[in-house]
Student: 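First, the structure itself, so that you have it in front of you.
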Amino acid sequence: MTEKYFKTLDDFLGTHFIYTYDNGWEYEWYAKNDHTVDYRIHGGMVAGRWVKDQEANIVMLTEGIYKVAWTEPTGTDVALDFVPNEKKLNGTIFFPAWVKQHPEITVTFQNEHIDRMHEAREKYDTYPKLVVPEFAHITYMGDAGQNNEEVISEAPYEGLTDDIRAGRYFDENYHRIKK
Ligand SMILES: C=Cc1ccc(O)cc1
């Protein structure tokens with residue numbers, strides 16, 4: 001786990017995080033570059049979902065505090081405020097009604113099913129939205145470097161976040177250790 005002090009936007013880009021929201025939902029998220037994020041969901045309503053190359057708006061609000069926001073093919077909107085020096089963040093997820101009604105449709109490697117997401121968002125209800133505002137505590141931070149395709153490169157499995165935290169998942173160059 002990196003113990004670096006975050007000061008600039010560049011300190012944040014390329015960082016890989018694991019965190020648990022106060023509602024118990026565990027997420028893994030990677031600031032791939034200044035306009036792209038990858039993530040995996042390990043716990044909560046849509047555990048098992050994973051996404052690469054989601055376009056996002058990423059800015060530094062003030063020294064060491066970062067805001068990230070994006071809208072997804074499902075119609076879900078996300079806004080995250082990271083305070084990595086305090087190992088915490090605040091996230092708000094705005095789910096369309098249909099994701100709450102049919103979470104299983106979204107639990108997949110989304111990149112291979114974009115058409116299914118577009119179809120579902122037209123077919124099912126958008127409203128009322130489910131708003132989930134939560135603080136989270138960061139349980140892992142890694143310096144993966146920008147545009148590292150090995151950070152998020154397979155489906156989530158039971159124990160994956162423990163493997164990462166224990167140093168069993170990435171080698172010293174932040175490449176996935178093949179099992
Ligand atoms: C819906 C995606 C999503 C990704 C990361 C996060 O912290 C919250 C939501």
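Whatever order the structure lists ligands and atoms in, that order sets their numbers, starting from 1. Along the sequence shown, residues are numbered consecutively beginning with 1.
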Student: Non-hydrogen atoms of W70 versus ligand 1: any pair closer than 4.0 Å?
Tutor: yes
Student: Check each atom of ligand 1 against the heavy atoms of Y21 and keep those under 4.0 Å away; list them by number with element.
Tutor: 6 (C), 7 (O), 8 (C)
Student: Could you check whether the rings of Y124 and H102 sit parallel, tilted or perpendicular, using 30° and 60° as the cut-offs?
Tutor: tilted
Student: Which word best sums up how the rings of Y174 and H16 line up, parallel for under 30°, tilted for 30 to 60°, or perpendicular for over 60°?
Tutor: perpendicular
Student: For ligand 1, which is the ligand I care about here, please tell me if Y19 has any N or O atom under 3.5 Å from one of the ligand's N or O atoms.
Tutor: yes
Student: Below 4.0 angstrom from a heavy atom of I93, which ligand 1 atoms are there? Numbered from 1 as shown, please.
Tutor: 8 (C), 9 (C)
Student: Would you say R49 contacts ligand 1, with heavy atoms under 4.0 Å as the rule?
Tutor: no
Student: Distance alone, cut at 3.5 Å: any donor-acceptor contact between the side chains of N90 and D81?
Tutor: no
Student: Would you mind telling me which of Y30, F12, Y66 makes a ring pair (Phe, Tyr, Trp, His ring centres under 6.0 Å) with F17?
Tutor: F12
Student: What protein heavy atom sits nearest atom 3 (C) of ligand 1, and how far away is it?
Tutor: Y27 CE2, 3.6 Å
Student: How does L80 reach ligand 1, by side chain, by backbone, by both or by neither, if only non-hydrogen atoms under 4.0 Å count?
Tutor: side chain
Student: Can you figure out which of F17, W25, Y39 has its heavy atom closest to atom 2 (C) of ligand 1?
Tutor: Y39
Student: Identify the protein heavy atom lying closest to atom 1 (C) of ligand 1, giving its residue, its atom name and the separation to 0.1 Å.
Tutor: V78 CG2, 3.6 Å
Student: Indicate the ring-plane relationship of Y19 and Y21, choosing parallel, tilted or perpendicular according to the 30° and 60° boundaries.
Tutor: perpendicular
Student: Is any side-chain heavy atom of M117 less than 4.5 Å from a side-chain heavy atom of I114?
Tutor: no
Student: Would you tell me whether R121 and T126 have side-chain atoms, one donor and one acceptor, within less than 3.5 Å of each other?
Tutor: no
